[in-house]
Amino acid sequence: MTAAERVDDQHVDDRYLDYAGSFNRLEDEVCLAAPPESAMSELTADFSALAARVAEHRVDYDRRPTRYAGMSGLPHPILVPYEVHEDGPTSTSGTVEFGLRHMGNENVVHGGIISMMFDDFIGMFVSRSLGSGSSARTAYLNVDYRSMTPVGRPLSVSAEIASVQGRKAFVEARICDGETLCAEAHALFVCPADQMWPGVAGLGD
Ligand SMILES: CCCCCCCC/C=C\CCCCCCCC(=O)SCCNC(=O)CCNC(=O)[C@H](O)C(C)(C)COP(=O)(O)OP(=O)(O)OC[C@H]1O[C@@H](n2cnc3c(N)ncnc32)[C@H](O)[C@@H]1OP(=O)(O)O
């Protein structure tokens with residue numbers, strides 16, 4: 001199954017993934033390059049022209065592939081791509097690979113990017129698991145950074161719902177590089193009051 005086929009939506013197909021992936025490559029290169037002044041002027045003009053070309057294809061919120069791509073961990077201009085390998089009602093696991101565009105210090109991931117990855121990964125898992133569409137909201141997300149997180153190689157990521165109390169879902173998650181714990185998160189996600197989640201057998205209060 002291709003990555004696009006995992007997304008039950010007409011707006012994300014393999015061509016879109018190529019398009020978004022090539023933009024990720026551009027972001028990586030921008031982070032690595034120090035163009036001389038002459039090249040910079042030319043590149044600035046090229047980027048402006050490119051932005052104008054892409055802007056010709058603006059669409060309403062519901063038709064934006066970035067919306068669906070982000071929700072599935074697929075290539076996205078800002079979010080971190082991940083793959084889910086096992087997905088159960090109370091736990092999920094997969095792999096994540098941070099790119100050069102995600103670097104803070106040399107060859108390690110910026111801490112804010114790690115928080116963003118957790119927010120996206122946990123938020124989508126809670127929404128899938130507890131059935132509130134994409135509406136689970138982060139009330140808090142506490143991240144402990146245990147060791148430097150490397151860019152450029154697959155890391156494991158997992159999360160589990162520790163408990164559900166009414167509209168509140170308490171979740172724990174971690175990113176590991178082999179046996180090494182890179183970062184762990186303790187989070188509370190809240191379902192909006194008008195969209196009580198169906199809940200999961202054995203988890204509710
Ligand atoms: C960067 C570019 C991105 C591009 C995106 C492109 C598309 C990509 C598509 C897709 C991405 C995937 C997206 C994944 C998902 C991500 C999720 C988010 O990031 S959501 C945004 C961040 N979060 C907020 O903005 C919430 C703001 N806060 C609120 O809305 C409210 O405060 C809310 C909903 C959290 C609670 O408000 P109430 O009015 O519904 O309910 P009350 O009564 O206040 O709280 C309910 C219970 O929760 C506790 N609670 C609430 N906040 C708490 C806290 N901070 N700590 C402890 N308890 C808390 C309360 O004490 C209460 O507990 P008792 O029922 O009394 O037991």
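Remember, it's a predicted structure, so these values are computed and weren't measured experimentally. When a ligand or atom number is given, it counts from 1 through the structure's own listing order.
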If the cut-off is 4.0 Å to any non-hydrogen atom of [X], which atoms of ligand 1 fall inside it?
| X | value |
| --- | --- |
| K168 | 47 (C), 48 (O), 49 (C), 63 (O), 64 (P), 67 (O) |
| A139 | 35 (C), 52 (N), 53 (C), 55 (N) |
| M124 | 12 (C), 13 (C), 14 (C) |
| A136 | 17 (C) |

Using the rule that two of Ile, Leu, Val, Met, Phe, Trp, Tyr join whenever any of their side-chain heavy atoms come within less than 4.5 Å, decide whether [X] and [Y] are in one cluster.
| X | Y | result |
| --- | --- | --- |
| V96 | M116 | yes |
| Y19 | F23 | no |
| V54 | Y16 | yes |

Check whether any side-chain N or O of R137 sits under 3.5 Å from a backbone N or O of V190 as a donor-acceptor pair, and report yes or no.
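Checking the backbone N and O of V190 against the side chain of R137, no donor-acceptor pair under 3.5 Å is found.
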
State whether the shortest distance between N or O atoms of D119 and N or O atoms of ligand 1 falls below 3.5 angstrom.
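Yes: some nitrogen or oxygen of D119 is under 3.5 Å from one in ligand 1.
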
Looking only at distance, does D120 have an N or O less than 3.5 Å from an N or O of ligand 1?
no

Ring-plane angle category for H102 and F98, please: parallel below 30°, perpendicular beyond 60°, tilted otherwise.
perpendicular

Looking at every heavy atom in both G94 and H85, which two are closest together, and how far apart are they?
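In terms of heavy atoms, the two residues are closest at CA-CD2, 3.6 Å.
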
For ligand 1, which part of [X] has a heavy atom less than 4.0 Å away: the side chain, the backbone, both, or neither?
| X | value |
| --- | --- |
| T138 | both |
| P192 | neither |
| H76 | side chain |

Any heavy-atom pair between the side chains of M148 and N107 that's under 4.5 Å?
no

